[in-house]
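Structure first, then comments.
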Amino acid sequence: MENNNKPRVFSGVQPTGNIHLGNYIGALKQFVDLQNDTDCFYCIVDMHSITVPQDPKQLKETTLDVAALYLAVGLDPKKATIFVQSTVPQHAELSWILTCNSYTGELSRMTQFKDKSKGSESAPTGLFTYPLLMAADILLYDAKFVPVGNDQKQHIELTRDLAIRFNNKYGDTFVVPDYKGIEVGARIMALDDPTKKMSKSAENIHSRISLLDEPSKVKKSIMKSTTDSDGIIRFDVDEKPGISNLLTIYSVFTGKKIDDIVAEYEGSGYGQFKKDLVEIVNGGLEPIQSKYKEIRNSEELIKILKDGTEKASAAAEKTMKRVKEKVGFISL
Ligand code: AMP
Ligand code: TRP
């Protein structure tokens with residue numbers, strides 16, 4: 001189940017545009033941090049993205065965009081298996097089997113479904129069954145850890161419930177995964193409204209910093225970001241969500257502790273702090289953007305994805321054999 005005794009890790013990102021600092025801090029950066037000590041599988045989950053309408057031409061492009069970003073942030077294909085979900089059909093296959101072992105009640109309780117469907121009777125079915133496909137992604141690879149932002153925690157809990165239920169019903173089959181959160185940055189907030197999470201789809205482009213934003217756009221978004229009127233740099237998520245969010249971003253990009261940053265800026269105003277943060281973020285994005293440009297249209301990218309499909313398929317097929325045997329599907 002494990003390679004070289006290293007624990008298995010699985011995670012995925014949807015191939016939609018505007019991969020932002022929340023995605024980077026909550027997910028991608030963790031992917032990179034984990035690649036030396038784990039046997040990791042990182043997926044571009046295109047099947048999840050079609051739960052809402054997508055332009056087919058654009059979907060192909062954003063799939064390659066996200067694959068290129070995986071490499072640009074520092075994932076090494078020699079260490080991590082990088083692949084596209086739809087190229088490994090076992091994801092859909094296991095998803096169906098899990099669907100038949102789940103309840104509509106538990107899916108209706110998923111807050112992401114409730115938010116996205118807003119109680120409408122005409123909500124797409126795929127939005128409702130989305131967490132079952134996500135559970136299939138994770139369980140197919142015997143993943144022990146799932147590095148994701150805090151908005152996905154409920155989906156991981158459902159995955160655990162499904163794995164435990166299946167194991168009880170059919171005998172030991174799945175590894176029960178754990179949510180792998182981080183202390184700082186599991187939920188990066190919107191720059192224009194720090195009570196909401198930073199999202200790919202918000203209308204205001206200054207609500208987020210995308211990894212491919214130009215330096216001048218980054219500057220504008222940070223300088224315009226909503227803070228408060230008391231002018232004191234202090235970390236307090238409830239009372240001062242705006243400045244706390246900026247401190248989090250500062251801390252992740254510099255590796256400095258939040259307390260140390262607060263001490264460093266004692267007595268200075270938000271203006272100086274924001275200016276410094278602009279430099280820090282642009283400095284951090286620069287190497288990502290140049291690596292991205294180098295690899296995005298290369299043959300190498302396609303080769304890496306093909307190799308990823310091959311490795312992922314082998315692992316997925318092993319699990320499916322086990323699962324089919326348990327549920328009573330014949331093999332000929
Ligand atoms: P998605 O864009 O929904 O495919 O999300 C990809 C990854 O980014 C998931 O692990 C999310 O939990 C994480 N993520 C998305 N938004 C944020 C945010 N604002 N703060 C921290 N992590 C996030
Ligand atoms: N649902 C996740 C999101 O929107 C993406 C995702 C799909 C995922 N399958 C996964 C994350 C498996 C971790 C593991 O962010």
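These numbers come from the heavy atoms of this one structure, side chains and all, not from hydrogens, waters or symmetry mates. The residues of the chain are indexed from 1 along the displayed sequence. Atoms within each ligand, like the ligands themselves, are counted from 1 in listed order.
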Quick note on ligand 1: atoms under 4.0 Å from a heavy atom of K200 include exactly 1 (P), 2 (O), 4 (O)
Taking the six-membered ring for Trp, are F41 and F10 ring centroids under 6.0 Å apart?
-> no
Please report the C-alpha distance between F31 and L75 in whole Å, then the side-chain angles of each, then the deciding distance to 0.1 Å, and finally whether the side chain to side chain contact (heavy atoms under 4.5 Å, CB included) criterion is met.
-> CA-CA 7 Å; F31 296 1; L75 283 179; 4.0 Å; yes
Flag the pair K224 and D192 as a salt bridge only when some basic side-chain nitrogen lies within less than 4.0 angstrom of an acidic carboxylate oxygen.
-> no
Charged N to carboxylate O under 4.0 angstrom, K318 versus D142?
-> no
Rounding to 0.5 Å, atoms NE2 (H155) and CG (D137) come to a distance of 12.0 Å
Below 4.0 Å from any atom of ligand 1, is there a heavy atom belonging to H20?
-> yes
Relative to Y270, does K275 satisfy both conditions: NZ or CZ under 6.0 angstrom from the six-membered ring centre, and within 45 degrees of the ring's axis?
-> no
Report the residue from T173, D172, L139 that forms a side-chain contact (heavy atoms from CB on, under 4.5 Å) with F166.
-> T173
Basic-acidic side-chain contact under 4.0 Å: K196, D193 = yes
Hey, could you give me the OG1/CZ distance between T248 and F235, rounded to the nearest 0.5 Å?
-> 4.0 Å
Out of L21, T248, N245, D151, who gets a non-hydrogen atom closest to atom 12 (O) of ligand 1?
-> D151
Report yes or no: does a heavy atom of G185 sit under 4.0 Å from some atom of ligand 1?
-> yes
Just which atoms of ligand 1 are under 4.0 Å from any heavy atom in R187?
-> 20 (N), 21 (C)
Electrostatic pair D178-R160, nearest N-O below 4.0 angstrom = yes
Atom 19 (N) of ligand 1 has as its nearest protein heavy atom I188 O, 2.8 Å
Would you indicate which of G149, P147, A190, A186 comes nearest to atom 21 (C) of ligand 1 when only heavy atoms are counted?
-> A186
For ligand 1, is there an N or O atom under 3.5 Å from any N or O atom of A27?
-> no
Which of the listed options, P15, S11, G26, G22, holds the heavy atom that is closest to atom 23 (C) of ligand 1?
-> G22
Report yes if Q14 has an N/O atom closer than 3.5 Å to an N/O atom of ligand 1; otherwise report no.
-> yes
Atom 8 (O) of ligand 1 [closest protein heavy-atom partner, distance rounded to 0.1 Å] = N23 ND2, 3.0 Å
For F83, enumerate each residue passing the ring-ring contact (aromatic ring centres under 6.0 Å, His included) test, keeping only those at least two apart in sequence or located in another chain.
-> H91, Y141
In order of chain and number, which residues sit within 4.0 Å of ligand 2 by heavy atom?
-> F10, S11, G12, Q14, V45, H48, Y130, M134, D137, I138, V146, V148, Q152
Would a distance-only check, ignoring hydrogens and angles, find a side-chain to backbone donor-acceptor pair under 3.5 Å from Q35 to G74?
-> yes
Heavy-atom contacts with Q152 under 4.0 Å: which atoms of ligand 1 show up? List them by number with element.
-> 12 (O)
